[in-house]
Amino acid sequence: MLDLVVIGAGLSGLMAAYTAAQSGLTVRVINKGLGSMHWGAGTVDVLGYAPDAPEKPVQHPFTALANLVVQYPDHPYGLLSSDEIRAGLASFVALTEEIGLPYRGSAESDQNLFLPSPAGAARPVYLAPEAQSAGDLSRSEPMLIVGFKGMRDFFPDLIVQNLAKQGHQARSAFLPLSLVTDRIDANTVHLAEALDDLERRTRLGHELKKLVKIGERIGLPAILGMNDHSVVIADLERLSGVPVFEIPTLPPSVPGIRLYKALRSRLLELGVRIEAGMEVVSAEMTARHNGTPGSIQSVISATSARPYKHRAHNYLLATGGILGGGFNSDHTGHVWETIFDLPLTVPQDRSMWFASGFLSPTGHPIFHGGVVVNDVFQPVDGGKLIFSNLWVAGNILANADPILERSLEGSAIVTGIAAGKAIANL
Amino acid sequence: MHTESWQSVGPSLDECIKCNICTSYCPVASVTDLFPGPKYAGPQSQRFRENGQPHSPDHSVDYCSGCRVCNEVCPTGVKIAEINARARAHMAAEEGIPLRNRLLGRNELLGKVGSIAPPLANFGLHNQLSRVLADKVFGIAQDSKLPRWPKGGTFGKWVKKTQDQRLKSDKKVVYYHGCGTMYYEPFIGQATVAVLEHNGYEVIVPPQNCCGLPLLSNGEFDEAEKYHDNNVNKLVGYARDGFDIIGTTPSCTLTLKEEAPELLDKHDADSTDLKMAVWDIFEWIRERWEEGDFRTDFRPINMILPYHAPCQYRAHRVGKPALEILQLIPELDVRESCARCCGSAGTYGYKKEKHLIAMAVGKELFDFVAVQGPGVTMTASDTETCRWQIELGTGLPSRHPIEIVAAAYGLYNLESRQLTN
Ligand code: SF4
Ligand code: SF4
């Protein structure tokens, strides 16, 4: 029997699986489909906006974090010491080095990077893939934002306009899409795969050289190679003679997919398989009884015929809450956790789900709710352990609004690692 | 047409959030402009394929190979591949099915005819001239790998010939061998019987016919329904009596379990009883093994074995059970392929206009095999069309995992593909 089954293949699930497997546990990851990493920018946000100052981006995330957990002791970050959070992020960075996709933070220690978003806004980000970090807006070189005529979902003029409004020096330029691909219709992933081709990226490098002025840096859509990404960046920098950086596009996110694929390969080396397309529909479990926590015997996924039972000593739920599909709801406003029916702090009345105003500065209660856990990431009900062998990590946790706070990946990484450790230390 | 109440498929299209993850992973959209990808051909075009609409807005759906990578990666559970299959069937019904597709849909018939005189049939099918003709006249790709009829006769003939030597036991299973094993690869059936008997099971081989999948995938639903009904009639009695019905070709077992019932709207008690009794052989073996009821007295096999799980396992959604069992064999260094598809996708790769696409799709897999080093002497995969495609793309022989297990028991020779006793 396996030591651990992880449900969900987002960052928290994969980091938990990695941590547990590194400690020698036998682990499998099962998931319904791919998600989060394929939508996001591929960066790691730790804390971009403090809940009490939603208008002002955070410069020093650890200082802001210290305040946050004093104000909101139930916040998932509050379950960990600041040393544990730092150590978790450091081990993520080490892992990215190991898988050939190094992540970098700000040169000023402990500060957020400010990176241009697909619309040219400044995004507070704690760690970014090396290829994005050269876009840091605190650097002084003027930016040349290069797009491709005919490419969907990337708009250099818009980016430049918005950067200029914020006082950054930037200009735009366009190259023909035929430099990258001969295809009539290609999405970001196909374009990235096309640039894995040496001849194409060499041609692109020569064209960039013609466009750029000395002292500038070049921002391009995040399509700079899929499998040979680091070589593509190095070639373009060498040929153009200036620093080159990627700006994330609308989904699908090439930087996110690179990270997912690299993590998947590393896990496979550790004997951990990600089995996709497995929708968990129920579980065999015993409920809490007479002061003894319940336990889970198997989780059951749908197949082409009979149910498939995944048996393990321990289970980790990382299905990502309302955004990831870990919750479901009905027309009355009832919201439930789909697999174990864990108690949720989500309002069960539809009229209470949303604050007034789409971009409400206080966020929406539905995103703030989730599963309450103890300090080793096991779900509890009124402080009492529900199942002896269930752990929970990531965006499904209660008392945080990762979108509003811009804490999605940071919180996924550190809670995933912490839960993985807790299971390995049993 | 059986397209009215396709229960779980229709509503799933409303779940699409237009994230394009499916298009990013679709192996066909990766290599050709002729196919715009799952999102467009599937949930998007489906909006215009409502009843009463004159025709499909998007004929490119014919280029979908049915590999189901899209289903597996979709975060919201849209049944894209099934939407596409239904659209293809619609188109076929409207526009008529080319003779070529009718031929490819009838591999059981072809198998029977060829088995009457294998050497003659092999010559007839495999000589240069007829491949050129087949290519030009029917559009069957000249370079695709067609099967050969074995000299020793069909699997059925072997079962009959050896019936006195077969194990009798209280533990019994029913074997659904399918057409590939029956006519082209009887040795797969022999290895299967050997493995099951080694574990103390008596193997019942009842009358059966083609599962109908080639017809389904070429849009011939009415014909496919006849095949399915026949199989239900022949096999449901065993299901009712509590026998497990196990098959060695994942596409056949998938058809009996899910494809035929879903695509043909067969949700009657008989079809459902049959569905619930059918197992892919390694799904069944893994279950026995987890219960401690599967022998692991394996001899070491000292080799590197690249293993590619066929696309149909994606639809079975049982993981990669053959991989788990192969990993139990001492010294066997199984390397798991993460390639999306071998390219052949059933009869897709045999069609002239699609053969090059199929080979381009398969490149990811052929490259994976190549980087495992020069020491690799064979590969493994469960479905016959996948094995033939991998052989074509790598130049290496490919084996069914059940052959490897039989060899590990010392019952089977992997080179000659013969039982050892
Ligand atoms: S992956 Fe699913 S949700 Fe996303 S575009 Fe494709 S069908 Fe729609
Ligand atoms: S089934 Fe395969 S070929 Fe067809 S749309 Fe889906 S991923 Fe593409």
Side-chain angles (χ1 to χ4, degrees), chain A residues 1-2 9-10 28 30-39 152-153 181-194 226-227 249-254 256-257 260-261 264-265 268 271 273-279 298 301-311 320 323-325, chain B residues 15 17-26 29-37 39-40 68-78 250 253-259 261-262 272 274-280 283 286-287 290 312-321 323-324 327 336 338:
Chain A
M1 205 187 329
L2 293 162
R28 177 162 308 155
I30 58 177
N31 64 313
K32 173 178 166 190
L34 300 175
S36 57
M37 269 185 263
H38 293 63
W39 301 329
R152 286 171 290 162
D153 303 343
T181 184
D182 296 326
R183 298 188 51 172
I184 305 160
D185 190 25
N187 77 5
T188 45
V189 171
H190 303 144
L191 295 173
E193 284 166 353
M226 181 59 85
N227 299 319
T249 61
L250 296 180
S253 158
V254 171
I257 293 175
Y260 174 75
K261 286 187 165 173
R264 184 181 69 179
S265 309
L268 202 56
R273 303 216 338 271
I274 302 176
E275 290 192 341
M278 300 232 172
E279 182 176 4
S298 74
S301 65
T303 79
S304 50
R306 66 200 62 75
Y308 176 24
K309 291 181 186 178
H310 306 260
R311 303 178 183 93
L323 294 174
Chain B
E15 306 281 330
I17 54 168
K18 310 283 177 245
C19 67
N20 256 319
I21 291 179
C22 53
T23 305
S24 306
Y25 278 85
C26 169
S30 272
V31 299
T32 178
D33 270 334
L34 294 170
F35 186 56
K39 185 185 90 172
Y40 302 97
R68 288 190 190 74
V69 168
C70 48
N71 286 18
E72 187 178 86
V73 298
C74 174
T76 63
V78 181
T253 50
L254 179 67
T255 305
L256 294 176
K257 282 183 185 180
E258 194 170 50
E259 292 287 276
E262 283 269 321
T272 306
L274 177 59
K275 166 194 175 107
M276 298 310 281
V278 172
W279 297 75
D280 172 75
E283 178 196 13
R286 179 177 61 190
E287 188 87 357
E290 282 186 356
Q312 295 91 19
Y313 271 127
R314 257 185 220 115
H316 277 290
R317 287 161 284 156
V318 296
K320 296 183 176 177
L323 179 74
E324 287 175 54
Q327 280 169 338
E336 178 187 358
C338 292

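Residue numbers start from 1 in every chain, and the chains themselves are labelled A, B, ... in the order their sequence lines are given, proteins ahead of strands. The model shown is predicted, which means the values in this text are computed figures rather than measured ones. The figures here come from the full heavy-atom set of this structure, side chains too, leaving out hydrogens, waters and symmetry mates.
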Most contacts with chain A, counted as non-hydrogen pairs under 4.5 angstrom, among B:Thr272, B:Leu256, B:Val278: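 The option with the most such pairs is B:Val278.
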Pick from B:Glu283, B:Glu290, B:Met276 with the largest number of heavy-atom pairs that fall under 4.5 Å of chain A: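 Highest number of heavy-atom pairs under 4.5 Å: B:Met276.
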Nearest atoms (heavy-atom pairs only) where A:Ala305 meets B:Lys257: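 Closest pair (atom of A:Ala305, atom of B:Lys257, distance): CB-CD, 3.7 Å.
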Heavy-atom closest contact (A:Asp182 atom, B:Asp33 atom, distance):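 Taking A:Asp182 first and B:Asp33 second, the nearest heavy atoms are O-OD2, 4.3 Å.
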Nearest 0.5 Å please: distance from the [atom1] atom of [X] over to the [atom2] atom of [Y].
X	Y	atom1	atom2	answer
A:Arg28	B:Glu324	CZ	CD	4.0 Å
B:Cys338	A:Arg273	SG	CZ	9.0 Å
A:Met278	B:Arg314	CE	CZ	12.0 Å

[X] portion near chain A, given a 4.5 angstrom heavy-atom threshold:
X	value
B:Tyr40	side chain
B:Glu259	neither
B:Cys74	backbone
B:Lys18	neither
B:Ile17	side chain
B:Thr253	neither

Side chains of A:Trp39 and B:Ile21 in contact at under 4.5 Å (non-hydrogen atoms):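 The answer is yes; the side chains approach within 4.5 Å.
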Any donor-acceptor N/O pair, A:Arg183 side chain to B:Ser30 backbone, under 3.5 Å: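 Here the side-chain-to-backbone pair exists.
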Check each atom of [X] against the heavy atoms of chain B and say whether the ones under 4.5 Å are side chain, backbone, both or neither.
X	answer
A:Leu268	side chain
A:Ile30	neither
A:Ala192	neither
A:Glu279	neither

Stepwise side chain to side chain contact (heavy atoms under 4.5 Å, CB included) test for A:His38 and B:Ser24: CA-CA 10 Å; A:His38 293 63; B:Ser24 306; over 6 Å; no
Criterion side-chain hydrogen bond (donor to acceptor under 3.5 Å, both in side chains) against A:Ser304, the qualifying member of B:Arg317, B:Glu258, B:His316: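 Among B:Arg317, B:Glu258, B:His316, the one meeting side-chain hydrogen bond (donor to acceptor under 3.5 Å, both in side chains) with A:Ser304 is B:His316.
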Tell me which of these, [options], has more heavy-atom pairs under 4.5 Å with chain B than the rest.
options	result
A:Ile257, A:Ile184, A:Leu250	A:Ile184
A:Ala302, A:Gly324, A:Ser301	A:Ala302
A:Asn31, A:Leu34, A:Val254, A:Thr188	A:Leu34
A:Ser36, A:Pro251, A:Ala276	A:Ala276
A:Met1, A:Arg311, A:Glu193	A:Arg311

Charged N-O contact under 4.0 Å between B:Glu287 and A:Arg306: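 Salt bridge flag = no for A:Arg306 with B:Glu287.
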